[in-house]
Amino acid sequence: MLDKRVEDLKILFSQEQIEKRTKELADEINRDFGTEKDLTLICVLKGSSIFCCDLSKHLKMPVQMEFIRVSSYGNAKESSGSVQALDLTLPNLENKNALIVEDIIDTGCTMKFLIDILCRTHRPEKLKVVTLLNKKMARKTPIEPDYYGFEIDDKFVVGYGLDYEGYMRNLPYIGYFE
Ligand code: IMP
Ligand code: MG
């Protein structure tokens with residue numbers, strides 16, 4: 001049984017705020033990547049599933065979506081620092097534009113791991129990173145996203161893809177427990 005209740009969440013970003021910001025991020029990405037060349041979205045499961053799908057709806061270039069799975073947290077609320085690749089199956093990305101889509105960058109360990117692997121083995125022509133949330137203060141490795149939705153304090157947040165012990169990903173807003 002879950003020891004936390006959705007009713008006790010404090011809302012950090014409402015559904016409307018997230019929708020507005022997601023559209024703004026897509027506008028920036030459309031401008032930077034242009035509308036001619038294909039873009040491969042690399043959605044990091046499970047957390048960024050909802051953000052990635054919503055973002056993709058506003059993109060104007062031909063888009064392909066790929067899904068990879070890594071794990072750094074297990075069920076703990078603290079990042080373990082060691083990243084585990086669960087499924088990194090990707091098509092050939094040589095000469096392609098690619099965009100890693102994350103829900104949140106916390107310590108940065110996951111993103112560093114992904115960028116290293118992608119650059120070493122997949123070698124896309126252009127690789128950028130978008131994350132909805134940026135926990136800048138929690139960084140343990142010097143990784144910065146090319147685009148982010150909101151910067152947040154070092155607190156544990158849930159909703160809109162982000163989970164608490166596997167639950168609450170389905171909430172349309174982002175909140176935290178005080
Ligand atoms: P990092 O490797 O420490 O940057 O952690 C990245 C991953 O940890 C994210 O993709 C999330 O899945 C998870 N994570 C980090 N902070 C939170 C949080 O506040 N709530 C839920 N998941 C989080
Ligand atoms: Mg994630």
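Both counts, for ligands and for their atoms, begin at 1 and track the order of listing.
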Review point. Is it true that Lys140 lies under 4.0 Å from ligand 1, counting heavy atoms only?
Key: no
Check your understanding: Is a side-chain donor or acceptor of Glu28 paired with a backbone partner of Leu25 at a separation under 3.5 angstrom?
Key -> no
Exercise for review: Apply side chain to side chain contact (heavy atoms under 4.5 Å, CB included) to the pair Val70 and Leu86, showing each step before the final yes or no.
Suggested key: CA-CA 5 Å; Val70 292; Leu86 301 178; 5.8 Å; no
Check your understanding: Partners of Lys60 by side-chain contact (heavy atoms from CB on, under 4.5 Å), sequence neighbours excluded?
Key -> Asn30, Thr35
Study note, to complete from the structure: Between the CD1 atom in Ile152 and the CG atom in Leu133, the distance rounded to the nearest 0.5 Å is 5.0 Å
Review point. Numbering the atoms of ligand 1 from 1, which are under 4.0 Å from a heavy atom of Lys155?
Key: 19 (O)
Review point. Which ligand 1 atoms, with their elements, are less than 4.0 angstrom from a heavy-atom of Thr110?
Key: 1 (P), 2 (O), 5 (O), 6 (C)
Check your understanding: Counting heavy atoms only, which part of Lys135 comes closer than 4.0 Å to ligand 1: side chain, backbone, both or neither?
Key -> side chain
Practice item. Please determine if Leu162 has a nitrogen or oxygen closer than 3.5 Å to a nitrogen or oxygen of ligand 1. Key: no
Practice item. Indicate yes or no: does an N/O atom of Asp163 lie under 3.5 Å from an N/O atom of ligand 1? Key: no
Practice item. Test Phe13 against Phe150 for ring-ring contact (aromatic ring centres under 6.0 Å, His included), laying out the working first. Key: CA-CA 9 Å; Phe13 300 111; Phe150 305 101; 3.9 Å; yes
Check your understanding: Do any nitrogen or oxygen atoms of Gly108 come within less than 3.5 Å of a nitrogen or oxygen of ligand 1?
Key -> yes
Check your understanding: ligand 1 versus Met111, non-hydrogen atoms closer than 4.0 Å: side chain, backbone, both, neither?
Key -> neither
Point to revise | Cation-pi, Phe177 ring and Lys10 (6.0 angstrom, 45 degrees) | key: no
Exercise for review: Using a 4.0 Å heavy-atom threshold (strictly under), name the region of Val158 that reaches ligand 1: side chain, backbone, both or neither.
Suggested key: neither
Exercise for review: Would you verify whether the NZ or CZ of Lys155 falls within 45 degrees of the ring axis of Tyr176 while also being under 6.0 Å from that six-membered ring's centre?
Suggested key: yes
Point to revise | Atoms of ligand 1, numbered as shown, that sit under 4.0 Å from any heavy atom of Glu102 | key: 10 (O)
Review point. With a 4.0 Å cut-off on heavy atoms, does Cys109 reach ligand 1?
Key: yes
Review point. Which heavy-atom pair separates Val101 from Ser48 by the least distance, and what is that distance?
Key: O-OG, 2.9 Å
**Study point:** ligand 1 contact on Thr107 by region, counting heavy-atom pairs under 4.0 Å
**Key:** both
